[in-house]
Number of protein chains: 2
Amino acid sequence: MEKQLFNFIAKYMPLSVEEKEAIIELDIFRNYKKGTVLLKEGQYSKVGYFVIKGCIRSYYVIDGEEKTTAFYTELDSFSPLCVVNNKPSEYYVACVEDSILTVANPEMEKIIFEKFPRFETLCRILSEELLAKSQASFDDFKTSSPEQRYLKLLETRPDLLQRVPQHQLASYLGMKPQSLSRIRKRLVDQHK
Amino acid sequence: MEKQLFNFIAKYMPLSVEEKEAIIELDIFRNYKKGTVLLKEGQYSKVGYFVIKGCIRSYYVIDGEEKTTAFYTELDSFSPLCVVNNKPSEYYVACVEDSILTVANPEMEKIIFEKFPRFETLCRILSEELLAKSQASFDDFKTSSPEQRYLKLLETRPDLLQRVPQHQLASYLGMKPQSLSRIRKRLVDQHK
DNA sequence: GCCAAACGTTCACTTAAGTTAACAAAAAAG
DNA sequence: CTTTTTTGTTAACTTAAGTGAACGTTTGGC
């Protein structure tokens with residue numbers, strides 16, 4: 001279980017035995033059942049997540065409708081805005097599948113950063129990278145039509161189509177479930 | 001000129017005289033004329049920016065058309081994806097106005113982080129914050145119609161409408177210039 | 001194993017954005 | 001000052017997504 005995490009980190013910096021032990025001592029691994037709500041609108045959460053296994057999603061409830069905006073799967077990390085800005089969360093976070101996550105808060109980070117300053121460098125690099133990638137996805141979204149976004153998703157995250165209900169994918173792609181259904185039909189029809 | 005930068009940083013951590021001097025010694029302040037292209041598609045740039053004064057934008061050229069995806073103004077910082085992933089840039093960056101920017105690369109950061117480790121903490125916190133905010137903007141975009149996005153922009157960054165050509169705003173809002181023009185007309189008409 | 005809820009598809013209709021093109025206005029270049 | 005070039009508006013038409021509703025299917029709870 002820790003292995004996935006350490007393999008991931010090793011891509012950036014191989015860890016020493018002491019460093020690995022320090023992480024294990026933090027006791028950050030948690031199991032959640034499908035459907036578990038990790039964060040609710042209005043809550044002041046202080047924890048961020050790293051997905052070892054499974055899938056979680058963030059969603060807003062607007063006029064009684066769920067609007068899914070993100071999915072996080074294996075090796076993705078996610079720190080809700082409320083962790084950063086100390087305001088109540090505007091969205092929910094829930095498990096799409098049974099999941100194994102690491103769960104950590106800023107105090108735990110502080111402890112580990114003081115013992116091993118390299119970890120802070122790692123976190124800085126990771127979040128700079130995630131920021132640039134998040135902006136690139138946003139750019140992609142802005143410059144594409146709904147159909148192009150669906151095709152792009154097929155290329156880049158085909159697994160999501162198997163793991164996630166379509167109506168959640170629809171709002172993730174910025175459209176209504178009926179539109180996604182129609183687009184899929186259109187594409188199938190074209191191919192015959 | 002340095003004052004804007006130090007005031008901004010002071011919101012996160014007040015700097016000592018030595019720290020300020022170390023930054024000034026890096027000689028990172030630059031003046032650019034309106035229209036200057038800072039980064040071209042295909043280039044491997046290694047520099048990130050912080051806007052002291054002025055406005056820069058990033059844009060793609062797709063089928064010969066410019067697609068503007070972001071504007072950075074006073075106190076915004078921006079590190080292009082190519083700086084992070086070592087791949088040729090997929091987009092351009094240019095000055096929308098005469099601008100004063102700080103320009104820094106990872107080696108300069110390394111030097112300053114080694115002398116003052118607090119700076120790395122600052123950069124980590126800043127990029128975590130920017131990441132969470134970038135995701136929130138993306139969420140907003142996904143869950144809104146073109147008209148709602150225009151109205152949101154009026155609320156959150158009304159200055160952009162004065163500073164930036166409308167056809168650039170249009171692609172920033174994920175629509176065609178004609179559509180933005182129509183939306184504006186529709187809104188004016190409704191109000192009478 | 002049955003029932004209710006959730007999910008996905010389809011359809012007819014509405015609405016809004018994309019497209020193409022013409023033209024006006026403003027800004028930059030000479 | 002005049003001429004381009006860039007920018008913005010408008011209009012007619014096309015295309016695709018939103019809406020509301022019906023219906024079939026799957027899923028999960030009991």
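Lettering of chains follows the sequences in order, A, B, ..., and the numbering in each one begins at 1.
- Classification of the A/Tyr172-A/Phe71 ring pair by plane angle, with boundaries at 30° and 60°, yields perpendicular.
- Every residue was checked against the side chain to side chain donor-acceptor pair (under 3.5 Å) condition with B/Ser144, not counting sequence neighbours, and none meets it.
- Rounded to a whole Å, the CZ atom of A/Arg184 is 10 Å from the C1' atom of C/dT9.
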Base, backbone or nothing for each nucleotide of nucleotides 24-30 of chain D, written B, S, -, heavy atoms under 4.0 angstrom, 5' to 3'? ----S--
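- One N or O on the side chain of B/Ser171 and one on the backbone of B/Thr68 form a donor-acceptor pair closer than 3.5 Å.
- One end of the helix from C/dG1-D/dC30 to C/dG30-D/dC1 points its axis 60° away from the other end's axis, with each axis taken from 5 pairs and the angle rounded to 10°.
- Salt bridge annotation for A/Arg149-A/Glu155: absent, with no cationic side-chain nitrogen under 4.0 angstrom from a carboxylate oxygen.
- Counted by atom type alone, A/Tyr150 and A/Arg184 present one or more donor-acceptor pairs between their side chains at under 3.5 Å.
- In this structure a side-chain-to-backbone donor-acceptor pair under 3.5 Å is missing from B/Ser181 to B/Ser179.
- Residues of residues 152-164 of chain A having a heavy atom closer than 4.0 Å to DNA chain C: none are found.
- What separates CG of A/Leu180 from C1' of D/dG18 is a distance of 14 Å, to the nearest Å.
- Rounded to a whole Å, the CG atom of A/Leu187 is 15 Å from the C1' atom of C/dT9.
- Residues that satisfy the side chain to side chain donor-acceptor pair (under 3.5 Å) test with A/Asn31, not counting sequence neighbours, are absent from this structure.
- A search for side chain to side chain donor-acceptor pair (under 3.5 Å) contacts involving A/Thr156 returns nothing, not counting sequence neighbours.
- In this structure, B/Phe141 and A/Phe138 have perpendicular ring planes: the angle between them is above 60°, well past the 30° mark.
- The stretch residues 60-72 of chain A does not touch DNA chain D, since none of its heavy atoms comes less than 4.0 Å from the strand.
- The salt bridge (Lys or Arg N to Asp or Glu O under 4.0 Å) pairs that include a residue from residues 100-111 of chain B are A/Arg124-B/Glu109, where partners are two or more places apart or lie in different chains.
- Classification of A/Glu97 and A/Arg163 as a salt-bridged pair holds, one side-chain N sitting under 4.0 Å from a carboxylate O.
- B/Ser79 is linked by a side chain to side chain donor-acceptor pair (under 3.5 Å) to nothing, counting only residues two or more places apart in sequence or in another chain.
- The side chain to side chain donor-acceptor pair (under 3.5 Å) contacts involving residues 129-138 of chain A comprise A/Tyr12-A/Glu129, A/Glu129-A/Lys133, A/Ser134-B/Ser134, where partners must be two or more places apart or lie in separate chains.
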One character per nucleotide, please: for nucleotides 16-24 of chain C, 5' to 3', B when the base has a protein heavy atom closer than 4.0 Å, S when only the sugar-phosphate does, - otherwise. -BBBBB---
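- At a threshold of 4.0 Å, the pair B/Asp76-B/Arg157 counts as salt-bridged, since one of the basic side-chain nitrogens sits closer than that to a carboxylate oxygen.
- Cluster partners of B/Tyr91, by chain and number: B/Tyr32, B/Leu38, B/Leu39, B/Val47, B/Tyr49, B/Val51, B/Ile56, B/Tyr60, B/Ile62, B/Tyr72, B/Phe78, B/Leu81, B/Val93, B/Leu101, B/Val103. The rule joins Ile, Leu, Val, Met, Phe, Trp and Tyr whenever side-chain heavy atoms lie under 4.5 Å apart.
- Atom-to-atom, CD of B/Gln148 to P of C/dT15 comes out at 16 Å; the value is rounded to the nearest Å.
- Dashed line: the shortest gap from a side-chain N or O of A/His167 to OP1 or OP2 of C/dA6 is not under 4.0 Å.
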